Amino acid sequence: MADVKQVALVTGASRGIGRAIAIKLAQVGFHVIVNYKSNREAAEEVLLTIQNAGGSGELAQFDVAEGPATSAAVEELLTKHESIDVLVNNAGICRDMLLLWMKEEDWLSVLNTNLISFFYVTKPILRTMLKKRYGRIINMSSVSGQMGSPGQVNYSAAKAGLIGATMALAKEMGKKGITVNAIAPGFVETDMLNGLKLDDAIKRIPLQRCGKPEEVAELAAFLASEKAAYITGQVIGINGGMF
Ligand code: NAP
């Protein structure tokens with residue numbers, strides 16, 4: 001890696017998969033911007049973990065679901081950093097309910113956080129990647145976006161939308177040295193699974209267990225690296241064989 005550290009922004013990096021990705025990217029030499037929505041204490045713990053391991057990073061609080069305000073927050077980061085070389089669109093929520101009983105607010109908040117945010121975070125960063133003719137964009141989709149999950153019409157729609165955006169943007173950016181890929185995890189041990197009864201689901205996973213955030217982080221770090229230069233427009237499953 002060059003003398004000046006490459007910069008990575010990981011949205012939703014205070015907990016779960018985003019936390020593991022932020023720590024891993026810092027470990028392999030990136031300066032990592034740790035985004036979070038409201039859990040400052042958890043985000044500070046991530047930053048401290050990065051720094052204690054000899055890495056560098058900073059915190060950036062913004063709500064990815066806030067549309068133009070999100071872009072403004074990203075623009076502010078770009079006044080500090082000439083470019084953001086790696087973007088991991090990871091922040092996500094689920095609000096599960098059968099569609100028949102789903103509230104409009106749960107439909108909208110899941111779409112806004114998981115999919116609409118993609119536009120507001122990615123667009124300003126793309127400009128700096130284009131200038132540098134280099135970039136890595138990684139979108140956190142889900143097996144739910146690949147096969148549809150009952151009780152998750154909102155979440156499945158958002159995650160499938162991200163897959164479409166990934167494939168289309170990869171085609172737009174191929175000539176510019178910017179790769180765009182999606183990761184589609186199955187069940188990963190994070191707060192997102194709190195309250196779910198997983199016994200039956202695990203029986204249907206060939207590897208018979210949930211994944212660990214660190215396993216997803218290894219994949220993300222590879223896709224973020226220069227070594228992954230010939231992978232773009234792909235949806236890479238990490239799901240124990242369930243899809
Ligand atoms: P998690 O443990 O619930 O953590 C969610 C993270 O996203 C937190 O850091 C949270 O910040 C942040 N976040 C939520 N809404 C946000 C917003 N509006 N703006 C900025 N940050 C926001 O979730 P996870 O399981 O790690 O999931 C990470 C990603 O993987 C999500 O996109 C999820 O859909 C996807 N995924 C997860 C699984 C799984 O089994 N866990 C499977 C497939 C896909 P605060 O701490 O501030 O709340």
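Model, not experiment: these values are computed from the prediction. Numbers for residues simply follow the sequence, beginning at 1. We count ligands from 1, going down the list as the structure has it; atoms in each ligand are counted the same way. Only heavy atoms go into these numbers, but all of them, side chains included; no hydrogens, no water, no symmetry mates.
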Which pairs of donor and acceptor atoms, one on a side chain in residues 164-171, lie under 3.5 Å apart (sequence neighbours left out)?
| residue | atom | partner | partner atom | Å |
| --- | --- | --- | --- | --- |
| Thr166 | OG1 | Asn139 | ND2 | 2.9 |
| Thr166 | OG1 | Leu162 | O | 2.7 |

Start with the C-alpha distance between Glu66 and Lys37, add both sets of side-chain angles, then the distance that settles salt bridge (Lys or Arg N to Asp or Glu O under 4.0 Å), and finish with yes or no.
CA-CA 11 Å; Glu66 278 188 359; Lys37 179 184 171 187; over 6 Å; no
Chi angles and distances behind the side-chain hydrogen bond (donor to acceptor under 3.5 Å, both in side chains) call for Glu45, Thr49:
CA-CA 6 Å; Glu45 184 274 334; Thr49 303; 3.0 Å; yes
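The pair Glu82-Lys132 fails the salt-bridge criterion, with no side-chain N (NZ, NE, NH1 or NH2) lying under 4.0 Å from an Asp/Glu carboxylate O. A salt bridge does not link Lys24 with Glu214: every distance from a Lys NZ or Arg NE/NH1/NH2 to an Asp or Glu carboxylate oxygen is 4.0 Å or more.
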Extract all N/O-N/O pairs under 3.5 Å that connect ligand 1 to the protein, and present each with both atom names and the distance rounded to 0.1 Å.
| residue | atom | partner | partner atom | Å |
| --- | --- | --- | --- | --- |
| ligand 1 | 9 (O) | Gly12 | O | 3.3 |
| ligand 1 | 9 (O) | Ser14 | N | 3.3 |
| ligand 1 | 9 (O) | Ser14 | OG | 2.6 |
| ligand 1 | 9 (O) | Arg15 | N | 3.2 |
| ligand 1 | 11 (O) | Ser14 | OG | 3.2 |
| ligand 1 | 18 (N) | Asp63 | OD1 | 2.7 |
| ligand 1 | 19 (N) | Val64 | N | 2.9 |
| ligand 1 | 25 (O) | Thr190 | OG1 | 2.5 |
| ligand 1 | 26 (O) | Ile17 | N | 2.7 |
| ligand 1 | 32 (O) | Asn90 | O | 2.7 |
| ligand 1 | 32 (O) | Lys159 | NZ | 2.8 |
| ligand 1 | 34 (O) | Tyr155 | OH | 2.5 |
| ligand 1 | 34 (O) | Lys159 | NZ | 3.1 |
| ligand 1 | 36 (N) | Tyr155 | OH | 3.4 |
| ligand 1 | 40 (O) | Gly186 | O | 3.3 |
| ligand 1 | 40 (O) | Val188 | N | 2.7 |
| ligand 1 | 40 (O) | Val188 | O | 3.3 |
| ligand 1 | 41 (N) | Val188 | O | 3.1 |
| ligand 1 | 41 (N) | Thr190 | OG1 | 3.1 |
| ligand 1 | 46 (O) | Ser14 | OG | 2.6 |
| ligand 1 | 46 (O) | Arg15 | NE | 2.8 |
| ligand 1 | 46 (O) | Arg15 | NH2 | 3.4 |
| ligand 1 | 47 (O) | Lys37 | N | 2.9 |
| ligand 1 | 47 (O) | Ser38 | N | 2.7 |
| ligand 1 | 47 (O) | Asn39 | N | 2.8 |
| ligand 1 | 48 (O) | Arg15 | NH2 | 2.9 |

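In this structure, Glu218 contributes its side chain and Val216 its backbone to no donor-acceptor pair below 3.5 Å.
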